[in-house]
Amino acid sequence: MARSNRTQNRSFVRTVLTTPAAEQRDGNSAKKLDTAVGLRGMQAPDVWVPDNEDGTAPALRAEGLQNLVDVIAADGADFPGEIHPRIPWHRDAPETRDSGYHHLRELADPENGAIDHIDGFVIPEVGAIDDWNKAAELLSLVEAEYELGAGRLSMSVVVESSQAEQAITDLQEELPKPTNTLERLYMLVVGGADYTKDMGAITPTGSLPEWDALQHSVARGASLAGALGIGGAYLATTDIDGYRDRITANQATGLLGIWALTPTQVTEANRETLPPASGHWRIETPESDVALRSADDTQVYEGNYFGLEEQGDSYVFAAGAEGQRLTGAELRAELQKVVSYVPSLADIVDSIEAFEQERDAGRGANTVTRSARVRIDDVEVDIELTRMWDEAVYQTRMTPVRLFQDVYQNRPDQHDELAEMYGESVIQRANAIGT
């Protein structure tokens, strides 16, 4: 259903797709914009960033701006996600900031027909905290000039320099000031490529460093500002396994969304950020977590790192090159250190419903136990994993459910695919809990 007079209303953003505003190909410089604005379902991102900055050659930016106006005005109303154009900006270049202000005025002018379909703007290459305030103030000027209403447009920043990283630290002091203009902050995005350039870093292969500290700073700053933390681009666009691993690693640090460069990456991230449709057991090795194969009621390990042999009333358990003789109880204790269960959305809902019943009955904390029969080298061992649930654990486990609820509420174009993934019964239960 078409939307107009947009405003940001997402509590979670899984996917941010960037698209160049103009390219010289096939006689239609807006071809990629036309394709992106037509995406629907799992191929469509939660946030679309048509990009007239790094993604567009400087010589084409005037044409790119016109493309943005034309495409968003014509087709933006039917786009199922939010629209946040990325405009030119640079902390050290007044002429670039002036160009950014020109972009803001053109895109926000109601006469051009695009602003009803725009939720906010992405500001790249920000510097110190005063630079963030400069960008936010220009948004305020545009809102006043065109009578859009104060705070109508959100501002997202890409953290691409050491100055911007320091500005995250300064947010704690800046936000309480009555003169600050940063209430409109929406997304904080890891900008790994330009950050690498800013830091003068070199890697042997030319790949980007992980920048774990930067990712933590962005996640921390997003939490502090009530904004959304977004992981940076994954440049190896054909490496889908690597992209999935990056999503998992990002989510563990609080970066629940990720930048996407292609619709294929969007589809992967839209699905991978949600709770699994089915649960599975896994075992941890030094290199990675290995999924166990389910065979009847047994979870089968098929790797080479672990080995197990039964000898009389004891066992020889090998991990890598080292083996140790263990009693049955000792073996179960060792396996319970390395075997874990990845719960499905239905599993999470089951556990939450059980906790809510106990809590509402005044019984407080309770335990959740999962059992499995694990087979290694044809030797089978029964194990149990027990976890205590209290209010803090409950709130933690509600995060993926709230993510699902947010997606279901805001992305009706994905309802059919979500029903295929989870089933209507699980969806109804998931939407009912925690309310």
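Fair warning: this is a prediction, and the values are worked out from it, not measured in the lab. Hydrogens, waters and symmetry mates play no part in the numbers below; they use all other heavy atoms, side chains included.
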Aromatic plane relationship, H415 with Y408 - under 30° parallel, 30 to 60° tilted, over 60° perpendicular: parallel
Gap between atom CG of D46 and atom CG of D406 - 0.5 Å precision: 7.5 Å
Contact summary for Y234 and L261, nearest pair of heavy atoms: O-CD1, 3.7 Å
Donor-acceptor pair between N270 and E417 side chains, under 3.5 angstrom: no
Nearest-0.5 Å distance, CG of residue L256 to CG of residue L274: 11.0 Å
Residue pair N250, V190: steps toward the side-chain contact (heavy atoms from CB on, under 4.5 Å) verdict: CA-CA 11 Å; N250 283 355; V190 174; over 6 Å; no
Main-chain N/O of E384 paired to Q336 side chain as donor or acceptor, under 3.5 Å: yes
T386 and T369: side chain donor to acceptor below 3.5 Å: yes
side-chain contact (heavy atoms from CB on, under 4.5 Å) between R359 and E391, intermediate numbers included: CA-CA 9 Å; R359 180 196 60 191; E391 186 65 26; 3.6 Å; yes
Check: R411 side chain, P45 main-chain N or O, donor-acceptor pair, under 3.5 Å: yes
Distance-minimising heavy-atom pair for I230 and M187: CG1-SD, 3.9 Å
Residue R40 excluded, over 12 heavy atoms near CZ under 6.0 Å: yes
Donor-acceptor contact below 3.5 Å, side chain Q405 vs main chain A430: yes
Side-chain ion pair, D194 and K197, N-O less than 4.0 Å: yes
Trace of the side-chain contact (heavy atoms from CB on, under 4.5 Å) decision for V339 with I383: CA-CA 9 Å; V339 174; I383 66 169; 3.7 Å; yes
Over all atoms of both residues, closest heavy-atom pair of T396 and P400: O-CD, 3.6 Å
Atom CD of Q172 with >12 non-hydrogen neighbours under 6.0 angstrom: no
Minimal non-hydrogen separation, A135 against M155, with atom names: CB-SD, 3.7 Å
Greater than 12 external heavy atoms within 6.0 Å of E353's CD: yes
Sidechain N-carboxylate O distance under 4.0 Å for K134, E137: no
Verdict with reasoning, D34 to K31, per salt bridge (charged side-chain N to carboxylate O under 4.0 Å, His left out): CA-CA 5 Å; D34 291 335; K31 183 176 181 179; over 6 Å; no
Check: E145 side chain, D109 main-chain N or O, donor-acceptor pair, under 3.5 Å: no
Salt-bridge present (R152, E143; N to O < 4.0 Å): no
M388 side chain reached by V393 side chain, heavy atoms, under 4.5 Å: no
Validation row: W89, D131 side chains within 4.5 angstrom (heavy atoms): yes
Verdict with reasoning, W132 to D170, per side-chain contact (heavy atoms from CB on, under 4.5 Å): CA-CA 11 Å; W132 297 39; D170 296 336; over 6 Å; no
I115 side chain reached by L153 side chain, heavy atoms, under 4.5 Å: yes
Side-chain heavy-atom pair D54, P124 within 4.5 angstrom cut-off: no
Atom CD of E95 with >12 non-hydrogen neighbours under 6.0 angstrom: yes
Parallel, tilted or perpendicular: rings of F306 and Y301 (30°, 60°): perpendicular
Non-hydrogen atoms of G232 and W259 that approach each other most closely: C-CB, 3.7 Å
Between CG on residue D116 and CG on residue D119, distance to nearest 0.5 Å: 11.0 Å
Heavy-atom side-chain contact between L403 and R14 under 4.5 Å: yes
Residues Q395 and R402: side-chain donor-acceptor under 3.5 angstrom: yes
Under 3.5 Å: donor-acceptor pair, side chain of Y422, backbone of P275: yes
Approximate separation, where rounding is to 0.5 Å, of N366 CG and E358 CD: 5.0 Å
Main-chain N/O of G41 paired to Q414 side chain as donor or acceptor, under 3.5 Å: yes
H84 and Y186 aromatic ring geometry - parallel, tilted or perpendicular at 30°/60° bounds: parallel
Taking every non-hydrogen atom, the tightest pair across R61 and H103: O-NE2, 4.4 Å
Residue pair D347, S344: steps toward the side-chain hydrogen bond (donor to acceptor under 3.5 Å, both in side chains) verdict: CA-CA 5 Å; D347 293 326; S344 66; 3.0 Å; yes
Modelled atom types, side-chain donor and acceptor of E63 and S29, under 3.5 Å: yes
Passing option when I87 is tested against I123, V122, L68, L138 for side-chain contact (heavy atoms from CB on, under 4.5 Å): I123
Rounded distance (nearest 0.5 Å) linking atom CZ of R375 with atom CG of D297: 11.0 Å
N304 atom CG, neighbour heavy-atom count above 12 within 6.0 Å: no
pair I118-P85: side-chain heavy atoms closer than 4.5 Å: yes
Note: R91-D198 ion pair, threshold 4.0 Å (strictly below): yes
Heavy atoms from other residues, nucleotides or ligands near CD of E302 exceed 12 (cutoff 6.0 Å): yes
Sidechain-backbone polar pair: S223 side chain, A219 backbone, donor-acceptor under 3.5 Å: no
N112 side-chain N/O to E106 backbone N/O, donor-acceptor pair under 3.5 Å: yes
pair N133-L182: side-chain heavy atoms closer than 4.5 Å: yes
Separation between OG1 of T367 and CZ of R387, rounded to the nearest 0.5 Å: 12.5 Å
Short side-chain to backbone donor-acceptor contact, N28 and A30, under 3.5 Å: yes
Non-hydrogen side-chain atoms of H280 and S294 separated by less than 4.5 Å: no
